[in-house]
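One structure is given here, and the rest of the page talks about it.
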Amino acid sequence: MAQSHATNACVTKHLLVADPPPWRPAPLMTGQGTINTAAELAYNRGASCAYPNSDNPKRALMTQDELKEAVAAAAIEEIRPLLGSEVIIGVGTGSTADRFIDRLAALRDDFKAAVASSEATAKRLKSHGIDVVEMNFAGTVPVYVDGADEINPRLEMIKGGGAALTREKIVAACAQRFVCIADASKRVDVLGDFPLPVEVIPMARSYVARELVKLGATPVYREGVVTDNGNQILDCYEFMIEDPVAMEARINAIVGVVTNGLFAARGADVLLLGGPQGVERFEKAPA
Ligand SMILES: O=C[C@H](O)[C@H](O)[C@H](O)COP(=O)(O)O
């Protein structure tokens, strides 16, 4: 079943993803009929990538920054119906989430407060006059908006490129709905091209690294980085992940691991993906 609606910033297409959710064959319904836009998504990484601009044909290309702005705008429309004077929302970390925070400022009188998934996000929220409260105070949040480093067709993700994975996972666990915002460079069929971050207790770093090697990864210490929780990060290279749910649990079972950047047991519920056709909306099929 599919539906469509328009936002101020872009056309947002709604797609209910089947299980297993296919990227390519799934048709998108638009006012003009059915098209198969997912097959046309460019797959590039890096700030220099550009995409056809369907909103403004005179400007043929959209930069990655413009795509991030577009998905941030779409996320505002996504959460707007959920807001209210007693509502506390969850807010993620990273360059895409930052754009969402900047747009959220205009709505600061429409909700009570936010829970931040990092110190950096808390600082940015406060700079806009948005109240920030602890997760323990909020209890649960109706919605959590955050970016991702990779996302697959099941809306499972790798996160933690900015070292915020543990607090992000806590907020995600407490959220009734996880809305992922990402540009098309984040979309993959199999997770693992992006090195998987693992947050470790410092004294366990070498032990955890040896255990990760046994799992087939090539762990690299992210030198000079201390997480908001006072811990360290190992990034797992050359580690394609065929079964994200199983691997997430397996890595988390290693003594000394705080958590890893696989968001599979609790993936996203909604993906707002910025690509050549504007922002596409993918929704996880109910279990
Ligand atoms: O630790 C950082 C977070 O997981 C970010 O959400 C993730 O790295 C994506 O960040 P960005 O939107 O900057 O690509």
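As the structure lists them, so they are numbered: ligands from 1, and atoms in each ligand from 1.
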NZ/NE/NH1/NH2 to OD/OE distance under 4.0 Å, [X] and [Y]:
| X | Y | answer |
| --- | --- | --- |
| Glu78 | Arg177 | yes |
| Lys68 | Asp98 | no |
| Glu248 | Lys169 | yes |

Checklist entry - For the salt bridge (Lys or Arg N to Asp or Glu O under 4.0 Å) test, which of Lys126, Arg124, Arg167 pairs with Glu119? => result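 By the salt bridge (Lys or Arg N to Asp or Glu O under 4.0 Å) criterion, Glu119 pairs with just one of Lys126, Arg124, Arg167: Arg167.
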
Counting both backbone and side chain atoms, is some N or O of [X] under 3.5 Å from an N or O of ligand 1?
| X | value |
| --- | --- |
| Ala164 | yes |
| Lys68 | no |
| Gly160 | yes |
| Leu165 | no |

[X] neighbourhood, listing ligand 1 atoms whose heavy-atom distance to it stays under 4.0 Å:
| X | answer |
| --- | --- |
| Glu168 | 1 (O), 2 (C), 3 (C), 4 (O), 5 (C), 6 (O) |
| Lys159 | 3 (C), 4 (O), 5 (C), 6 (O) |
| Asp149 | 7 (C), 8 (O), 9 (C) |
| Ala148 | 9 (C) |
| Gly161 | 1 (O), 2 (C), 8 (O) |

Item to check | Same cluster (ILVMFWY, side-chain, under 4.5 Å), Tyr207 and Val257 | outcome: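 Tyr207 and Val257: one cluster.
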
Item to check | Within one Ile-Leu-Val-Met-Phe-Trp-Tyr cluster: Leu215 and Ile241, side-chain cutoff 4.5 Å | outcome: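 Linked, Leu215 and Ile241 end up in one cluster.
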
Considering heavy atoms of the protein only, find what lies nearest to [atom] and give residue, atom and distance to 0.1 Å.
| atom | value |
| --- | --- |
| atom 12 (O) of ligand 1 | Thr96 OG1, 2.6 Å |
| atom 14 (O) of ligand 1 | Lys186 NZ, 2.6 Å |
| atom 2 (C) of ligand 1 | Gly162 N, 3.1 Å |
| atom 13 (O) of ligand 1 | Ser95 OG, 2.5 Å |
| atom 5 (C) of ligand 1 | Thr93 O, 3.0 Å |

Checklist entry - So does Arg250 have more than 12 non-hydrogen atoms from other groups sitting under 6.0 Å from CZ? => result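 Count not over threshold, so no.
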
Checklist entry - Does ligand 1 have a heavy atom under 4.0 Å from the side chain of Ala163, from its backbone, from both, or from neither? => result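 Backbone only.
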
Next on the checklist: So, taking the atom named CZ in Phe239 and the one named CZ in Phe194, what distance separates them when rounded to the nearest 0.5 Å?
Outcome noted: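 Spacing of CZ (Phe239) from CZ (Phe194) equals 15.0 Å.
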
Checklist entry - Between Asp183 and Ser185, is a side chain to side chain donor-acceptor pair (under 3.5 Å) present by the stated rule, with each step listed? => result CA-CA 6 Å; Asp183 65 83; Ser185 72; 2.4 Å; yes

Next on the checklist: If you apply the rule side chain to side chain contact (heavy atoms under 4.5 Å, CB included), what do you find for Val198 with Asn260, and how did you get there?
Outcome noted: CA-CA 4 Å; Val198 179; Asn260 70 82; 4.0 Å; yes

Next on the checklist: So is Gly92 touching ligand 1 or not, going by heavy atoms under 4.0 Å?
Outcome noted: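 It does not, in that no heavy atom of Gly92 comes within the 4.0 Å cut-off of ligand 1.
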
